[in-house]
Protein chains: 2
Amino acid sequence: MNQSATIEFERSHCPVANVLDLFGDKWTLLVVRDLILGKTRYGEFAQSVEGIPTNVLADRLKRLEMAGVVVKKAYSGKPLRYQYELTEKGKDLVPILEAMVAWADKHVPGVKVFPRYSGYNSSLE
Amino acid sequence: MNQSATIEFERSHCPVANVLDLFGDKWTLLVVRDLILGKTRYGEFAQSVEGIPTNVLADRLKRLEMAGVVVKKAYSGKPLRYQYELTEKGKDLVPILEAMVAWADKHVPGVKVFPRYSGYNSSLE
DNA sequence: TCCTGTCACTTGCTTTTTGCAAGTCACATA
DNA sequence: TATGTGACTTGCAAAAAGCAAGTGACAGGA
């Protein structure tokens, strides 16, 4: 809805700052995690254990789409229904998530990696 | 100030969710970045280009300290002054930041990695 | 002694973002 | 006709962020 060029470098040219401008909140990377785990539909994201508020979910999906991290496709036409998929840009976030999993494994006792029910090439554990 | 055990697993046992509970906002990892780059003092963090509000900075340093990611030490006693340092737990965040830098390098055109003026073993580029 | 400055914050207040519950709309099924 | 499902939207209270200004301990200089 906005031209994407003007949104960039809101804060600085630092790569970390730019990643945080896109993903620096409590929910966005959890939606990405769900996509990596194989979830594709709004209702599936909404059902995840963390309990994302539905308005926040709708907002995050919109932002991820505008950022080119996911694509929204209709998978049914009669009752119009959508599904979301990671783009290559989105799949390239896997190493970030993996680094987080590694850190938590080492420093947050008791965490449990979720089983995945669809596969991307990288392992995420 | 609080017992740290009760704060954990606010949302789920997912490692990603737990990392986001600690670092899931626009500022915390920027402070960690500055620490990795060699900054140690409150005033130095406050001067970074992104312009973190001072109240937010004070809050983030407190949280990072409570999480065991940084330690606060007095480096002067006559005018009482403090400096902050990453613990091992904090230094272990470097791979997460590196993964972010790699993603931004590939997907956000024009980002520039900051030069570092003090060194940890990992490269961060 | 008085004045100015630095460092490390804190306070007050406005704006923005979250979180929660409920509502909507297009269809499907019984 | 009545109920249900999927994908959202709306309204509103509560929490967090952003901004400017203030504070307190001390240092150095006139």
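Here the side chains of B:R41 and B:R81 are not in contact, with every heavy-atom distance at 4.5 Å or above. Side-chain contact between A:I96 and A:L93: present, with at least one pair of heavy atoms (C-beta onward) separated by less than 4.5 Å. Between A:T40 and A:L35, the closest side-chain pair of non-hydrogen atoms is not below 4.5 Å. Residues B:M100 and A:N18 form no side-chain contact, since every pair of their non-hydrogen atoms from C-beta on lies 4.5 Å or further apart.
DNA chain C lies under 4.0 Å from at least one heavy atom of each of the following residues of residues 50-60 of chain A: A:P53, A:T54, A:N55, A:R60.
When hydrophobic side chains of Ile, Leu, Val, Met, Phe, Trp and Tyr are connected at separations under 4.5 Å, B:L80 ends up clustered with B:Y82.
Under a cutoff of 6.0 Å and an axis angle of 45°, B:R63 and B:W27 do not form a cation-pi pair.
DNA chain C is contacted by both A:R81 and B:Q47; B:Q47 maps to the nucleotide lying nearer its 5′ end (nearest heavy atom per residue).
Summarising the geometry of A:A67 relative to A:L22, their closest heavy-atom pair is CB-CD2, 3.9 Å, with the distance given to 0.1 Å.
No option in B:K72, B:K73, B:K39 other than B:K73 meets the salt bridge (Lys or Arg N to Asp or Glu O under 4.0 Å) test with B:E85.
Atom pair B:K62:NZ and C:dC9:P shows a separation of 8 Å (rounding to whole Å applied). The CG atom of A:D25 sits 13 Å away from the C1' atom of C:dG19 (whole-angstrom rounding). The distance from atom OH of A:Y82 to atom P of C:dA26 is 12 Å, rounded to the nearest whole Å.
Within 4.0 Å of B:F45, counting heavy atoms only, lies no atom of the nucleic acid at all.
For B:Y42, no side-chain nitrogen or oxygen approaches OP1 or OP2 of C:dT10 to under 4.0 Å. For B:K26, no side-chain nitrogen or oxygen approaches OP1 or OP2 of C:dT16 to under 4.0 Å.
Nucleotides of DNA chain D lying under 4.0 Å from heavy atoms of chain B occupy a range whose first and last members, 5' to 3', are D:dA17 to D:dA27.
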